[in-house]
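Just so you know, ligand 1 is whichever comes first in the structure, and atom 1 is the first atom listed for that ligand. Every value quoted in this text rests on a predicted model; they were computed, and no experiment measured them.
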Amino acid sequence: MAQNLYSERQIAMIRESGKIVAQCLEACRKLAVPGSSTRKMDQAVGEIIAKYGAKSPFLGYAFPGKKPFPANVCASVNSCVVHGVPDDTLLIDGDLVSIDVGVTLNGYIGDSAWTFPVGEPDPAAKRLLAAGEESLWAGIEAAKPRGKINDIARAVQSLVEGRGYSVVREFVGHGVGQSLHEEPQVPNYVDPEASVLSLNKPLKPGMVIAIEPMVNEGLAAVKSDEGVWPVLTKDGSRSVHFEHTVAILNDRIEILTLP
Ligand code: MG
Ligand code: MG
């Protein structure tokens, strides 16, 4: 994986893709109602992407050991953490639906995810959703030009664990722009075993990163069967996922996947 530093002009292109991503997520939010399905969300996103002459970088994505990803969005319901495949299962009151959307326009990619409650979430789900969303904002707040990647990781982890939840280790944020996954990795936890070098990786102006905490209601461990996409919590507890693509500029950061 290469690490790219992007010019202002290139960041503007990622922002254009990011705006379409935000529109796609808004459409999914409206479809997060009882009786709807993740297939409907995927179709709605496909239509928006086509309208702009863009592409989904998820559709056909090849990951070692898996068939190419078959949809425009990842749709991960309840105990599914990430990489869920949209289907016709009817959504019911209380489901938590995590939708991950990428859009490629003119060769530049925006990447964002959000978890939507179906109907009225129970109090425990509300707390979990709040922790997930707030951990994303804490991570974004901690991202500073010439700061460290670990500042993000520490901010996310301390918020999540402070609320009694767990952050997923196996999947992390990443550089994004010309490819869906670029260097550097942006973990949501601080690894005490990691080398000092990786702990000290700086956030350089021109970097574009996806910050994406995955927060489990129970333990952090996840599982996935060979050949199939969905990643589930090992203990069956619910999981939420919030993500924005963020550019590191000279004097500030900018979220590129806002409406
Ligand atoms: Mg994503
Ligand atoms: Mg991502």
Subject >> In the protein, N/O/S atoms that are found under 2.8 Å from the Mg ion (ligand 1), waters not counted >> reply: Asp100 OD1, Asp100 OD2, Asp111 OD1, Glu243 OE1
Original post:
Going through the checks in order, is the salt bridge (Lys or Arg N to Asp or Glu O under 4.0 Å) test met by Arg39 and Asp87?
Top reply: CA-CA 5 Å; Arg39 175 102 58 206; Asp87 66 18; over 6 Å; no
Subject >> Pair Arg127 + Glu217, salt bridge at N-O below 4.0 Å >> reply: no
Subject >> Lys66 NZ: over 12 foreign heavy atoms closer than 6.0 Å >> reply: yes
**OP:** Compute the centroid of each ring, for Tyr61 and then for His181, and state whether the two points are separated by less than 6.0 Å.
**Re:** yes
Original post:
Do His83 and Phe171 have ring centroids that are under 6.0 Å from one another?
Top reply: yes
Original post:
Do any of the N/O/S atoms of His174, backbone or side chain, fall under 2.8 Å from the Mg ion (ligand 2)?
Top reply: yes
**OP:** Looking only at non-hydrogen atoms, find the nearest pair between Pro86 and Ala71 and report the distance.
**Re:** CD-CB, 3.5 Å
